[in-house]
Amino acid sequence: MNPCSLCSVQTFPPISHSALLYRHSKPAHDSTADVRRRAPYVVCAERSSRASAPSADDYHATLKALKSKGRFPRKSLGQHYMLNSEINDQLAGAAGIEQGDVVLEIGPGTGSLTNVLLNSGAFVLAVEKDKHMAALVSERFSSSGKLKVLTEDIVKCHVRSHMSSLVGSTHSKSRNAKVVANIPFNISTDVIKLFLPMGDIFSEVVLLLQIMKQSRVIERESLTFMDIKERDEERGVSRNAEKEETAVRLVVSSLRTPEYRPINVFVNFYSEPEYKFKVPRTNFFPQPNVDAAVVSFKLKLPSEYPHVSSTKSFFSMVNSAFNEKRKMLRKSLQHICTSLEIEEALTNIGLLATSRPEELTLDDFVKLHNLIAKE
(Lines give C-alpha, C1' and ligand atoms only; values in the text may rest on other atoms or scores of the structure.)
Protein backbone atom coordinates (compact mmCIF):
# COMPACT_ATOMS: atom_id res chain seq x y z
CA MET A 1 0.00 0.00 0.00
CA ASN A 2 1.32 3.43 -0.92
CA PRO A 3 2.16 5.30 2.31
CA CYS A 4 0.48 8.46 1.05
CA SER A 5 -2.80 6.73 0.36
CA LEU A 6 -6.02 8.45 1.41
CA CYS A 7 -8.89 6.71 3.17
CA SER A 8 -12.45 7.73 2.50
CA VAL A 9 -15.55 6.42 4.18
CA GLN A 10 -17.88 4.59 1.84
CA THR A 11 -21.60 4.24 2.34
CA PHE A 12 -23.57 1.08 2.94
CA PRO A 13 -25.68 -0.70 0.36
CA PRO A 14 -28.89 1.17 -0.59
CA ILE A 15 -31.74 1.26 1.89
CA SER A 16 -35.34 2.03 1.22
CA HIS A 17 -36.80 5.43 1.99
CA SER A 18 -39.54 3.85 4.07
CA ALA A 19 -37.08 1.94 6.20
CA LEU A 20 -35.65 5.25 7.40
CA LEU A 21 -38.82 7.29 7.57
CA TYR A 22 -40.92 4.99 9.65
CA ARG A 23 -38.56 4.41 12.51
CA HIS A 24 -41.45 4.47 14.96
CA SER A 25 -42.94 1.25 13.60
CA LYS A 26 -41.67 -1.91 15.31
CA PRO A 27 -41.69 -5.02 13.11
CA ALA A 28 -41.35 -8.46 14.65
CA HIS A 29 -37.77 -8.68 13.45
CA ASP A 30 -35.60 -5.61 12.82
CA SER A 31 -33.63 -6.55 9.73
CA THR A 32 -31.65 -3.32 9.89
CA ALA A 33 -30.31 -3.82 13.42
CA ASP A 34 -27.16 -5.56 12.19
CA VAL A 35 -26.51 -2.74 9.74
CA ARG A 36 -26.67 -0.16 12.53
CA ARG A 37 -24.09 -2.05 14.56
CA ARG A 38 -21.62 -2.46 11.72
CA ALA A 39 -18.70 -0.07 11.49
CA PRO A 40 -18.28 2.02 8.29
CA TYR A 41 -16.64 0.18 5.45
CA VAL A 42 -13.37 1.91 4.58
CA VAL A 43 -11.39 1.70 1.37
CA CYS A 44 -8.17 3.44 0.47
CA ALA A 45 -7.44 5.53 -2.57
CA GLU A 46 -4.33 7.29 -3.80
CA ARG A 47 -3.92 10.78 -2.35
CA SER A 48 -4.61 13.53 -4.82
CA SER A 49 -4.10 17.29 -4.56
CA ARG A 50 -7.68 17.52 -3.29
CA ALA A 51 -8.82 16.68 0.21
CA SER A 52 -11.02 13.82 -0.90
CA ALA A 53 -12.49 12.39 -4.06
CA PRO A 54 -15.73 14.11 -5.05
CA SER A 55 -18.81 12.12 -4.21
CA ALA A 56 -22.46 12.50 -5.16
CA ASP A 57 -24.17 13.60 -1.96
CA ASP A 58 -27.61 12.99 -3.38
CA TYR A 59 -30.79 11.60 -1.85
CA HIS A 60 -29.62 7.98 -1.71
CA ALA A 61 -26.15 8.83 -0.39
CA THR A 62 -27.68 10.99 2.34
CA LEU A 63 -30.03 8.22 3.42
CA LYS A 64 -27.17 5.72 3.48
CA ALA A 65 -25.04 8.03 5.60
CA LEU A 66 -27.85 8.61 8.07
CA LYS A 67 -28.61 4.91 8.19
CA SER A 68 -24.99 4.11 8.98
CA LYS A 69 -25.48 5.90 12.30
CA GLY A 70 -29.07 4.83 12.81
CA ARG A 71 -30.13 8.46 12.56
CA PHE A 72 -33.14 10.40 11.32
CA PRO A 73 -33.44 14.20 10.79
CA ARG A 74 -34.38 15.82 14.09
CA LYS A 75 -36.97 18.56 13.93
CA SER A 76 -35.80 19.99 17.26
CA LEU A 77 -32.41 20.73 15.67
CA GLY A 78 -33.91 22.10 12.45
CA GLN A 79 -32.11 19.46 10.40
CA HIS A 80 -32.82 19.60 6.66
CA TYR A 81 -30.11 17.91 4.60
CA MET A 82 -29.07 19.22 1.19
CA LEU A 83 -29.57 16.62 -1.56
CA ASN A 84 -28.14 18.56 -4.50
CA SER A 85 -24.35 18.70 -4.84
CA GLU A 86 -24.63 21.47 -7.42
CA ILE A 87 -26.24 23.75 -4.83
CA ASN A 88 -23.30 23.11 -2.51
CA ASP A 89 -20.93 24.02 -5.35
CA GLN A 90 -22.84 27.26 -5.90
CA LEU A 91 -22.87 28.01 -2.19
CA ALA A 92 -19.08 27.63 -1.99
CA GLY A 93 -18.75 29.60 -5.22
CA ALA A 94 -20.80 32.47 -3.80
CA ALA A 95 -18.24 32.72 -1.00
CA GLY A 96 -15.32 32.61 -3.45
CA ILE A 97 -13.59 29.81 -1.55
CA GLU A 98 -9.95 29.45 -2.57
CA GLN A 99 -6.96 27.33 -1.68
CA GLY A 100 -5.78 28.18 1.84
CA ASP A 101 -9.00 29.76 3.09
CA VAL A 102 -10.18 28.91 6.59
CA VAL A 103 -13.92 28.23 6.64
CA LEU A 104 -16.26 27.79 9.57
CA GLU A 105 -19.19 25.53 8.71
CA ILE A 106 -22.26 25.29 10.93
CA GLY A 107 -24.09 21.98 11.13
CA PRO A 108 -22.16 19.90 8.55
CA GLY A 109 -24.61 16.99 8.88
CA THR A 110 -23.54 14.19 6.53
CA GLY A 111 -20.70 16.32 5.11
CA SER A 112 -22.07 17.19 1.68
CA LEU A 113 -21.01 20.85 1.88
CA THR A 114 -17.89 19.94 3.84
CA ASN A 115 -16.81 17.77 0.91
CA VAL A 116 -17.08 20.71 -1.50
CA LEU A 117 -15.21 23.07 0.84
CA LEU A 118 -12.35 20.62 1.38
CA ASN A 119 -12.08 19.94 -2.32
CA SER A 120 -11.83 23.69 -2.89
CA GLY A 121 -8.64 23.69 -0.81
CA ALA A 122 -10.06 25.17 2.39
CA PHE A 123 -9.35 24.18 5.97
CA VAL A 124 -12.73 23.62 7.61
CA LEU A 125 -13.77 24.10 11.22
CA ALA A 126 -17.14 22.34 11.47
CA VAL A 127 -19.38 22.96 14.46
CA GLU A 128 -22.05 20.27 14.90
CA LYS A 129 -24.45 20.02 17.84
CA ASP A 130 -25.57 16.46 17.05
CA LYS A 131 -22.84 14.15 18.35
CA HIS A 132 -23.82 11.40 15.91
CA MET A 133 -23.46 13.69 12.89
CA ALA A 134 -20.21 15.05 14.30
CA ALA A 135 -18.86 11.50 14.47
CA LEU A 136 -20.07 10.73 10.96
CA VAL A 137 -18.42 13.73 9.32
CA SER A 138 -15.22 13.19 11.35
CA GLU A 139 -14.98 9.61 10.13
CA ARG A 140 -15.77 10.51 6.54
CA PHE A 141 -12.90 13.00 6.27
CA SER A 142 -10.58 11.55 8.92
CA SER A 143 -7.60 11.40 6.58
CA SER A 144 -8.03 14.78 4.92
CA GLY A 145 -5.85 16.61 7.44
CA LYS A 146 -7.91 19.76 6.83
CA LEU A 147 -10.95 19.26 9.03
CA LYS A 148 -11.58 19.95 12.70
CA VAL A 149 -14.98 19.05 14.13
CA LEU A 150 -16.37 20.56 17.32
CA THR A 151 -19.38 18.94 18.97
CA GLU A 152 -20.92 22.13 20.26
CA ASP A 153 -23.97 24.37 19.97
CA ILE A 154 -22.86 27.19 17.66
CA VAL A 155 -24.73 29.87 19.61
CA LYS A 156 -22.81 28.86 22.77
CA CYS A 157 -19.49 28.17 21.06
CA HIS A 158 -16.42 30.33 21.81
CA VAL A 159 -15.90 31.12 18.14
CA ARG A 160 -13.23 33.78 18.60
CA SER A 161 -11.03 31.50 20.66
CA HIS A 162 -11.30 28.57 18.25
CA MET A 163 -10.78 30.71 15.15
CA SER A 164 -7.81 32.60 16.56
CA SER A 165 -5.90 29.41 17.28
CA LEU A 166 -6.95 27.84 13.98
CA VAL A 167 -5.95 30.79 11.78
CA GLY A 168 -2.60 30.92 13.57
CA SER A 169 -1.93 27.20 13.13
CA THR A 170 -2.78 27.24 9.42
CA HIS A 171 -0.74 30.42 8.78
CA SER A 172 -3.73 31.88 6.94
CA LYS A 173 -3.70 35.54 5.97
CA SER A 174 -5.67 37.94 8.12
CA ARG A 175 -9.40 38.01 7.39
CA ASN A 176 -9.22 35.07 4.98
CA ALA A 177 -11.62 33.25 7.25
CA LYS A 178 -15.22 32.89 6.09
CA VAL A 179 -18.46 31.38 7.34
CA VAL A 180 -20.21 29.16 4.80
CA ALA A 181 -23.17 27.10 5.93
CA ASN A 182 -26.52 25.54 5.27
CA ILE A 183 -27.69 26.42 8.74
CA PRO A 184 -30.57 24.91 10.68
CA PHE A 185 -33.59 27.04 9.87
CA ASN A 186 -34.47 27.72 13.50
CA ILE A 187 -31.25 29.55 14.44
CA SER A 188 -30.77 31.89 11.48
CA THR A 189 -31.25 35.14 13.40
CA ASP A 190 -29.05 33.94 16.29
CA VAL A 191 -26.26 33.03 13.87
CA ILE A 192 -26.42 36.40 12.13
CA LYS A 193 -26.31 38.31 15.41
CA LEU A 194 -23.34 36.21 16.50
CA PHE A 195 -21.16 36.47 13.39
CA LEU A 196 -21.79 39.85 11.80
CA PRO A 197 -19.94 41.82 14.51
CA MET A 198 -16.85 39.64 13.88
CA GLY A 199 -15.44 41.64 10.98
CA ASP A 200 -12.02 41.47 12.60
CA ILE A 201 -12.00 37.68 12.09
CA PHE A 202 -14.23 36.91 9.10
CA SER A 203 -14.36 38.67 5.74
CA GLU A 204 -17.67 37.17 4.63
CA VAL A 205 -20.61 35.13 5.89
CA VAL A 206 -22.55 33.14 3.27
CA LEU A 207 -25.65 31.33 4.47
CA LEU A 208 -28.47 29.27 3.09
CA LEU A 209 -31.57 30.68 4.82
CA GLN A 210 -35.25 29.86 4.78
CA ILE A 211 -37.58 32.30 3.05
CA MET A 212 -41.27 33.03 3.51
CA LYS A 213 -43.98 31.72 1.23
CA GLN A 214 -44.67 33.89 -1.79
CA SER A 215 -48.40 33.92 -1.03
CA ARG A 216 -47.70 35.54 2.33
CA VAL A 217 -45.37 38.11 0.73
CA ILE A 218 -48.13 39.21 -1.62
CA GLU A 219 -50.70 39.23 1.17
CA ARG A 220 -48.52 41.30 3.48
CA GLU A 221 -47.87 44.01 0.91
CA SER A 222 -51.51 45.12 1.20
CA LEU A 223 -51.64 45.04 5.03
CA THR A 224 -50.49 47.47 7.68
CA PHE A 225 -48.23 46.32 10.50
CA MET A 226 -51.13 46.19 12.97
CA ASP A 227 -53.34 44.33 10.49
CA ILE A 228 -50.66 41.65 10.18
CA LYS A 229 -50.14 41.39 13.93
CA GLU A 230 -53.86 41.10 14.67
CA ARG A 231 -54.42 38.59 11.87
CA ASP A 232 -51.49 36.40 12.94
CA GLU A 233 -52.66 36.44 16.55
CA GLU A 234 -56.07 35.27 15.38
CA ARG A 235 -54.49 32.45 13.40
CA GLY A 236 -52.18 31.48 16.23
CA VAL A 237 -48.95 32.24 14.35
CA SER A 238 -46.08 31.98 16.86
CA ARG A 239 -43.17 34.39 17.01
CA ASN A 240 -40.72 31.55 16.46
CA ALA A 241 -42.51 30.41 13.32
CA GLU A 242 -42.59 34.00 12.11
CA LYS A 243 -38.85 34.39 12.74
CA GLU A 244 -38.01 31.15 10.94
CA GLU A 245 -40.24 31.91 8.02
CA THR A 246 -38.91 35.36 7.23
CA ALA A 247 -35.13 35.04 7.57
CA VAL A 248 -34.47 36.36 4.08
CA ARG A 249 -36.01 39.71 5.04
CA LEU A 250 -32.73 40.36 6.81
CA VAL A 251 -31.35 41.15 3.37
CA VAL A 252 -34.22 42.42 1.23
CA SER A 253 -36.51 44.38 3.58
CA SER A 254 -36.99 48.02 2.62
CA LEU A 255 -38.14 51.22 4.31
CA ARG A 256 -41.79 51.86 5.07
CA THR A 257 -42.69 48.15 5.03
CA PRO A 258 -43.88 45.92 7.90
CA GLU A 259 -40.78 43.75 7.40
CA TYR A 260 -38.36 46.59 8.20
CA ARG A 261 -37.19 46.12 11.79
CA PRO A 262 -34.18 46.44 14.14
CA ILE A 263 -32.41 43.40 12.69
CA ASN A 264 -32.21 45.19 9.32
CA VAL A 265 -30.45 48.12 10.96
CA PHE A 266 -28.13 45.66 12.71
CA VAL A 267 -27.28 43.83 9.46
CA ASN A 268 -26.44 47.03 7.60
CA PHE A 269 -24.44 48.42 10.52
CA TYR A 270 -22.02 45.49 10.40
CA SER A 271 -22.15 44.29 6.80
CA GLU A 272 -23.14 44.72 3.17
CA PRO A 273 -25.86 42.10 2.57
CA GLU A 274 -26.63 40.62 -0.85
CA TYR A 275 -29.27 38.18 -2.04
CA LYS A 276 -27.63 35.51 -4.22
CA PHE A 277 -30.11 32.91 -5.46
CA LYS A 278 -33.18 30.90 -4.54
CA VAL A 279 -33.06 27.21 -3.59
CA PRO A 280 -36.32 25.26 -4.04
CA ARG A 281 -37.50 23.22 -1.06
CA THR A 282 -37.32 20.01 -3.13
CA ASN A 283 -33.53 20.04 -2.67
CA PHE A 284 -33.81 19.17 1.04
CA PHE A 285 -34.52 16.07 3.09
CA PRO A 286 -36.87 16.18 4.81
CA GLN A 287 -38.57 18.71 2.57
CA PRO A 288 -39.45 21.91 4.48
CA ASN A 289 -42.66 23.85 3.97
CA VAL A 290 -40.94 26.79 2.30
CA ASP A 291 -38.09 27.47 -0.11
CA ALA A 292 -34.64 28.74 0.83
CA ALA A 293 -32.14 31.25 -0.50
CA VAL A 294 -28.42 31.87 -0.39
CA VAL A 295 -27.45 35.27 0.98
CA SER A 296 -24.05 36.79 1.66
CA PHE A 297 -22.88 39.35 4.17
CA LYS A 298 -19.59 41.08 3.39
CA LEU A 299 -18.42 42.06 6.83
CA LYS A 300 -17.14 45.54 7.57
CA LEU A 301 -13.94 46.09 9.49
CA PRO A 302 -14.48 47.65 12.93
CA SER A 303 -12.97 50.86 11.57
CA GLU A 304 -15.73 50.94 8.93
CA TYR A 305 -18.66 50.77 11.35
CA PRO A 306 -20.84 53.90 11.55
CA HIS A 307 -19.53 56.22 14.23
CA VAL A 308 -21.60 56.09 17.41
CA SER A 309 -20.50 56.83 20.93
CA SER A 310 -21.71 53.41 22.10
CA THR A 311 -23.03 50.50 20.05
CA LYS A 312 -24.93 49.27 23.09
CA SER A 313 -26.66 52.62 23.49
CA PHE A 314 -27.29 52.86 19.74
CA PHE A 315 -29.03 49.49 19.38
CA SER A 316 -30.94 50.08 22.60
CA MET A 317 -32.36 53.24 21.02
CA VAL A 318 -33.20 51.41 17.77
CA ASN A 319 -34.96 48.61 19.64
CA SER A 320 -36.94 51.10 21.71
CA ALA A 321 -38.03 52.89 18.54
CA PHE A 322 -39.39 49.68 17.02
CA ASN A 323 -40.94 48.36 20.22
CA GLU A 324 -43.76 50.78 19.63
CA LYS A 325 -43.60 50.89 15.87
CA ARG A 326 -46.95 52.62 15.38
CA LYS A 327 -45.85 55.53 17.54
CA MET A 328 -43.89 58.52 16.36
CA LEU A 329 -40.30 58.67 17.55
CA ARG A 330 -41.02 61.75 19.63
CA LYS A 331 -43.24 59.49 21.75
CA SER A 332 -41.36 56.17 21.75
CA LEU A 333 -37.99 57.73 22.66
CA GLN A 334 -39.18 59.99 25.47
CA HIS A 335 -37.19 57.94 27.97
CA ILE A 336 -34.02 59.27 26.31
CA CYS A 337 -34.94 62.96 26.10
CA THR A 338 -37.95 65.22 25.75
CA SER A 339 -40.33 65.17 22.81
CA LEU A 340 -39.25 68.68 21.84
CA GLU A 341 -35.56 67.65 21.74
CA ILE A 342 -36.42 64.65 19.58
CA GLU A 343 -38.43 66.81 17.16
CA GLU A 344 -35.54 69.28 16.90
CA ALA A 345 -33.07 66.46 16.26
CA LEU A 346 -35.25 64.93 13.55
CA THR A 347 -35.61 68.32 11.87
CA ASN A 348 -31.85 68.90 12.04
CA ILE A 349 -31.17 65.68 10.08
CA GLY A 350 -33.74 66.53 7.42
CA LEU A 351 -36.67 64.43 8.66
CA LEU A 352 -40.20 65.28 9.71
CA ALA A 353 -40.84 65.85 13.39
CA THR A 354 -43.59 63.22 13.07
CA SER A 355 -41.30 60.49 11.72
CA ARG A 356 -41.80 56.84 12.67
CA PRO A 357 -38.98 54.24 12.95
CA GLU A 358 -39.73 52.44 9.66
CA GLU A 359 -38.97 55.70 7.82
CA LEU A 360 -35.35 55.99 9.03
CA THR A 361 -32.30 54.57 7.29
CA LEU A 362 -29.24 53.32 9.17
CA ASP A 363 -27.57 56.68 8.59
CA ASP A 364 -30.64 58.47 9.94
CA PHE A 365 -30.61 56.40 13.12
CA VAL A 366 -26.88 57.07 13.60
CA LYS A 367 -27.36 60.83 13.26
CA LEU A 368 -30.38 60.80 15.56
CA HIS A 369 -28.53 58.81 18.21
CA ASN A 370 -25.53 61.11 18.15
CA LEU A 371 -27.82 64.11 18.68
CA ILE A 372 -30.00 62.81 21.50
CA ALA A 373 -27.94 60.17 23.31
CA LYS A 374 -26.69 61.39 26.66
CA GLU A 375 -23.57 59.50 27.69
(message) As an exercise, state the distance from CD of Glu204 to CD of Glu274, rounded to the nearest 0.5 Å.
(response) 8.5 Å
(request) Could you tell me which residues satisfy ring-ring contact (aromatic ring centres under 6.0 Å, His included) with Phe297, sequence neighbours excluded, listed by chain and number? (result) none
(message) I'd like to know whether the aromatic ring centres of Phe269 and Phe315 sit less than 6.0 Å apart in this structure.
(response) yes
(message) Measuring only between side-chain heavy atoms, which start at C-beta, is Lys178 closer than 4.5 Å to Ile97?
(response) yes
(request) Taking Asp101 for its side chain and Val103 for its backbone only, find out whether a donor-acceptor pair lies under 3.5 Å. (result) no
(message) Looking at every heavy atom in both Lys129 and Thr151, which two are closest together, and how far apart are they?
(response) O-CG2, 4.0 Å
(message) Treating Ser355 as the side-chain partner and Leu352 as the backbone partner, does any N or O pair qualify as donor plus acceptor under 3.5 Å?
(response) yes
(message) Pair Lys298, Ser203 - check side chain to side chain contact (heavy atoms under 4.5 Å, CB included), show working.
(response) CA-CA 6 Å; Lys298 292 189 181 299; Ser203 61; over 6 Å; no
(request) Check whether any side-chain N or O of Arg281 sits under 3.5 Å from a backbone N or O of Asn289 as a donor-acceptor pair, and report yes or no. (result) yes
(request) Any chance you could measure Ile154, atom CD1, to Leu104, atom CG, to the nearest 0.5 Å? (result) 5.0 Å
(request) Taking Tyr260 for its side chain and Leu360 for its backbone only, find out whether a donor-acceptor pair lies under 3.5 Å. (result) yes
(message) How about CD on Glu272, more than 12 heavy atoms from neighbouring residues, nucleotides or ligands closer than 6.0 Å, or not?
(response) no
(message) What's the separation between atom OG in Ser271 and atom CG in Leu196, rounded to the nearest 0.5 Å?
(response) 4.0 Å
(request) Describe, in one word, how the ring planes of Phe322 and Phe365 are oriented to each other, choosing from parallel (under 30°), tilted (30 to 60°) and perpendicular (over 60°). (result) tilted
(message) I need the Ile349 CD1 to Asp363 CG distance, nearest 0.5 Å.
(response) 8.5 Å
(request) Could you tell me whether His158 atom NE2 has more than 12 heavy atoms of other residues or ligands within 6.0 Å of it? (result) no
(message) Main chain of Ser85, side chain of Asn88: is a donor-acceptor contact present, judged purely on distance under 3.5 Å?
(response) no
(request) May I ask you to decide if Pro280's main-chain N or O and Asn283's side chain share a donor-acceptor pair within less than 3.5 Å? (result) yes
(request) Take Glu98 and Ser120 through the side chain to side chain contact (heavy atoms under 4.5 Å, CB included) test and state the conclusion after the steps. (result) CA-CA 6 Å; Glu98 299 177 350; Ser120 296; over 6 Å; no
(request) Could you tell me whether the side chain of Gln334 and the main chain of Lys331 form a donor-acceptor pair under 3.5 Å? (result) yes
(request) Could you tell me whether a side-chain N or O of Asn323 sits under 3.5 Å from a main-chain N or O of Asn319, the two making a donor and an acceptor? (result) yes
(message) Rounded at 0.5 Å granularity, tell me how far OH in Tyr305 sits from OG1 in Thr311.
(response) 9.5 Å
(request) Starting at NZ of Lys148, measure out to CG of Leu166 and round the result to the nearest 0.5 Å. (result) 6.5 Å
(message) Before you tell me yes or no, could you show the steps for Thr338 and Glu341 under side chain to side chain donor-acceptor pair (under 3.5 Å), namely the whole-Å CA-CA distance, both residues' side-chain angles and the distance that decides it to 0.1 Å?
(response) CA-CA 5 Å; Thr338 67; Glu341 289 174 313; 3.2 Å; yes
